[in-house]
Structure formats: structure tokens, C-alpha cells
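We name chains A, B, ... by the order of the sequence lines, and we start the count at 1 in each one.
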There are 2 protein chains.
Amino acid sequence: MTDRDIIRLDNQLCFMLYACSRAMTRAYQPMLKKLGITYPQYIVLMVLWEWHDQPPVEQTVKALGERLQLDSGTLTPLLKRLEQAGLVSRRRDDSDERRVLVEVTAQGYALSAKASEWLQSQVGEHSVSLDKISQLRGELRELLDHLTGEV
Amino acid sequence: MTDRDIIRLDNQLCFMLYACSRAMTRAYQPMLKKLGITYPQYIVLMVLWEWHDQPPVEQTVKALGERLQLDSGTLTPLLKRLEQAGLVSRRRDDSDERRVLVEVTAQGYALSAKASEWLQSQVGEHSVSLDKISQLRGELRELLDHLTGEV
DNA sequence: CAAAATTAAATTGTGCACAATCAAAGTTAG
DNA sequence: CTAACTTTGATTGTGCACAATTTAATTTTG
């Protein structure tokens, strides 16, 4: 296999990731419309739901950013919109005024159940097998670790 | 496996695609900076380079949109910027004034060689095996086909 | 043919991503 | 203690994505 083939393979992988990510967003669109949130907001809420169930040491914007690989330039306005919608609360940490503590409100947590309900109604629609999804997830994890310099 | 497990698996796949796609963009950033283009512009140019080598019947904005699953709202301004940079030419089709024909300029085509050169210098850096990349690409293709309602 | 329907691209508006910069709070060192 | 440094989040500006609407060209129909 020549270098040129390797490059083509790499480019194809790039494009498939780009296309699949957007296709997944589109697939979730009907649910998101019903919930009244965007896909990135859903991603953020997934973490905040998890934090609600199993509170970590730090529930800050920084911790959220590390988890999602997003900076404050993306998170600050997104969280403000979720706050505006009554789904999230933000407040300065009294013990360190640089930090902003973030958590879901009762209303925000309630969305979790609505999302589950909607997704459960769709479970039968999947013709892609769970084994394949599971395997794909694992391979993507490996790729992600490599790209972010874990290895 | 319960419905709840299925939902969690699905959500994890969503997030991995979202994260991997952005991580890949970051990985290409040094090259893109040198070429003076963005990641989506690179994706568009990859198609236009291919069109240059093997011209399809229709070299229009519409054909580009179908190939990349992007609409004119995204493509029009992006192509205008590439045109501004002298990498792409756009002109109305004389035989059907609704259409806009798109192709790379000589300068735009020359970027292909620069990209290849840069990527070839990086080939050794990959510790992810080609087999894995190839397999992953195939699985993503399968997922994409399913999500876009082929099958 | 002329009206209605369709098609292709452009435009408008919202919300990410992300680089770069800034401001304020906190920590460290002289 | 205070000056230098670091950390955290906010702000600013650019460029996608994408929904919704608009405009103009073409095709279809009555």
C-alpha cells in the first residue's frame, strides 16, 4: 500500500466521521424538537444528568469543558441559554469566585425522563445491531484516545 | 439488555462521533493552517480535486450538496470564500441559468499536492493501524447508510 | 400559450466551535 | 506584603450547519 493510498484512506475516515456525526444529529432531530433543545445542549445535559445522579467533586464549567473538550467560548453562551430555558442553574462558587457551578434544575432533570421515553419508543426502529454499535463505540474510543494523545 | 442500556449505548455512540469528528478536525489543524483553509473547505476541495481528475456529468452546487449532504445555505458562502481566495471558480450554467458550475482553479488544484506532501510527512506518526482505519471506515459507512435511510 | 408547480441557488437568522483576547480571582515568590 | 504568575470564565470575531424564506429560471399542465 502506497502513501497515496494511506492518505486516501485517512481522508475517507475524516469524511465519514464528519458525515456520520451530522447524520446522527439529524436522526435525533425529531426528539430534540419535542424537547425544545439543540443537539449540543442535549450532549451537555447528558453530562449534567449524570452529575445529578452521581455528583463528582467539581461541578464547574471547567470540569464540563474537560469532559466534552469544549471551552468557555462555546459553553458560556450555551449554558446561558439553558439557564434562560429554566433547565440549568449557574452560580459563582463562594469559596473561589473564579469558578461557576453548574447543575440541572428539577425541570432540567425531568427532561431526562422525556428523552428516555422518546428513545425507548424508537428502540425497535434500529436495524443496526447492538453488537455493531457496541463495537463501533469501542473503536471510536480507541481512535479518540489516539487523537487526543493518550495512547 | 434493557431498553435503558440500549439508550445509554446509543448516547455514547452519539457522543463518540461528535467527539471524534472534532478531534479529527483538530488533528488536521496544523496542515490546514499551512494551507490557509478550514476543515469544511478542505472537505469541499477534496471533492473538487476528484472532479478535476474524473469529471462527473454535473459539476454544480447541487451535486456538491448531494455528495456532502450540505445545502446552499452552507455551500454558497463557503464557495464564495474559496473563490475569494482564488482556489475555486463559480459561474452560472449558460444552458440553465438556475445552476452554478463549480470547479477548482489551477491554484486550487495545486493545493492538493501540498496537502498530500504534508500528509505523507505524517504517515509514520500514525500508531493506529491501517487495518483498523479501514474497518472503522466500513462500519461508519454502514451506519451512515442506515441513518440516511438506505438499506 | 399562460398559470401553476418545481427546481436551484441565495438570503436571513440562530446556535454552535474555536481562536484570541480580556478581566478578575487566586496563588506563588521575592 | 506585593509583584509576577496562573487559573477560570467571559467576550469578540470568524466560519460553519441548518431551518426557513425568497428569487429567479425552468418545467409541467390545463
Side-chain angles (χ1 to χ4, degrees), chain A residues 15 17-30 32-33 35-45 58-66 68-85 88 90-102, chain B residues 14-15 17-30 32-33 35-45 58-85 88 90-102:
Chain A
F15 174 68
L17 284 169
Y18 169 74
C20 275
S21 183
R22 289 184 302 121
M24 193 61 91
T25 304
R26 277 194 292 278
Y28 270 65
Q29 211 52 46
L32 296 172
K33 196 161 189 176
L35 299 182
I37 57 178
T38 67
Y39 188 72
Q41 287 168 10
Y42 178 66
I43 300 269
V44 166
L45 283 173
E58 297 224 332
Q59 271 170 264
T60 63
V61 171
K62 174 178 156 59
L64 201 52
E66 281 170 352
L68 301 174
Q69 291 291 309
L70 292 171
D71 64 16
S72 64
T74 299
L75 288 175
T76 297
L78 188 155
L79 290 170
K80 279 183 180 172
R81 278 186 283 269
L82 287 177
E83 187 181 38
Q84 194 66 29
V88 153
R90 296 159 68 240
R91 65 173 207 282
R92 288 277 164 187
D93 183 346
D94 287 334
S95 71
D96 184 343
E97 293 275 349
R98 289 171 305 181
R99 294 185 181 144
V100 169
L101 303 173
V102 186
Chain B
C14 282
F15 175 68
L17 284 169
Y18 170 74
C20 275
S21 183
R22 290 185 302 121
M24 193 60 90
T25 304
R26 277 194 292 278
Y28 270 65
Q29 212 51 46
L32 296 172
K33 196 161 190 176
L35 299 182
I37 56 178
T38 67
Y39 188 71
Q41 287 167 10
Y42 178 67
I43 299 269
V44 165
L45 283 173
E58 296 225 333
Q59 270 170 266
T60 62
V61 171
K62 175 178 157 58
L64 201 52
E66 281 169 354
R67 174 69 180 275
L68 302 173
Q69 291 290 311
L70 292 171
D71 64 17
S72 64
T74 301
L75 289 175
T76 297
L78 188 155
L79 291 170
K80 278 183 179 172
R81 279 186 283 270
L82 287 178
E83 186 181 38
Q84 195 66 28
V88 152
R90 296 159 69 239
R91 65 172 206 282
R92 288 278 164 185
D93 184 346
D94 288 335
S95 71
D96 184 342
E97 294 274 350
R98 288 172 305 181
R99 295 185 180 142
V100 169
L101 303 173
V102 185

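With hydrogens and angles left out, the side chain of Ser72(B) and the base of dA8(C) share no donor-acceptor pair within 3.5 Å.
Contact annotation for Thr60(A): backbone-only contact, meaning every heavy-atom pair under 4.0 Å involves sugar-phosphate atoms and none involves a base.
Taking for each of Glu58(A) and Lys80(A) the nucleotide of DNA chain D with the nearest heavy atom, the 5'-most of the two is the partner of Glu58(A). Toward the 5' end of DNA chain D, the nearer of the two residues Leu101(A) and Arg26(A), judged by each one's closest nucleotide, is Leu101(A). Nearest-nucleotide mapping onto DNA chain C: of Ser95(A) and Leu78(A), the residue sitting toward the 5' end is Leu78(A).
Residue Arg99(A) places no side-chain N or O under 4.0 Å from the OP1 or OP2 atom of dA25(C).
Comparing dG15(D), dT26(D), dG9(D) against the side chain of Val61(A) picks out dG9(D) as the nearest.
When rounded to the nearest whole Å, the span between CZ of Arg92(B) and P of dA25(D) equals 9 Å.
Using a 30° and 60° split on the angle between ring planes, Tyr18(A) and Tyr39(B) fall in the perpendicular class, above 60°.
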Report task. For side chain to side chain contact (heavy atoms under 4.5 Å, CB included), just list the numbers for Leu45(A) and Val88(A), CA-CA rounded to whole Å, side-chain angles, deciding distance to a tenth of an Å, and then say yes or no. Result -> CA-CA 9 Å; Leu45(A) 283 173; Val88(A) 153; 4.1 Å; yes
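Taking CG from Leu68(B) and CG from Asp71(B), the interatomic distance works out to 11.5 Å, rounded to the nearest 0.5 Å.
With a 6.0 Å radius and a threshold of 12 heavy atoms from other residues, nucleotides or ligands, Arg90(A) has its CZ atom above the threshold.
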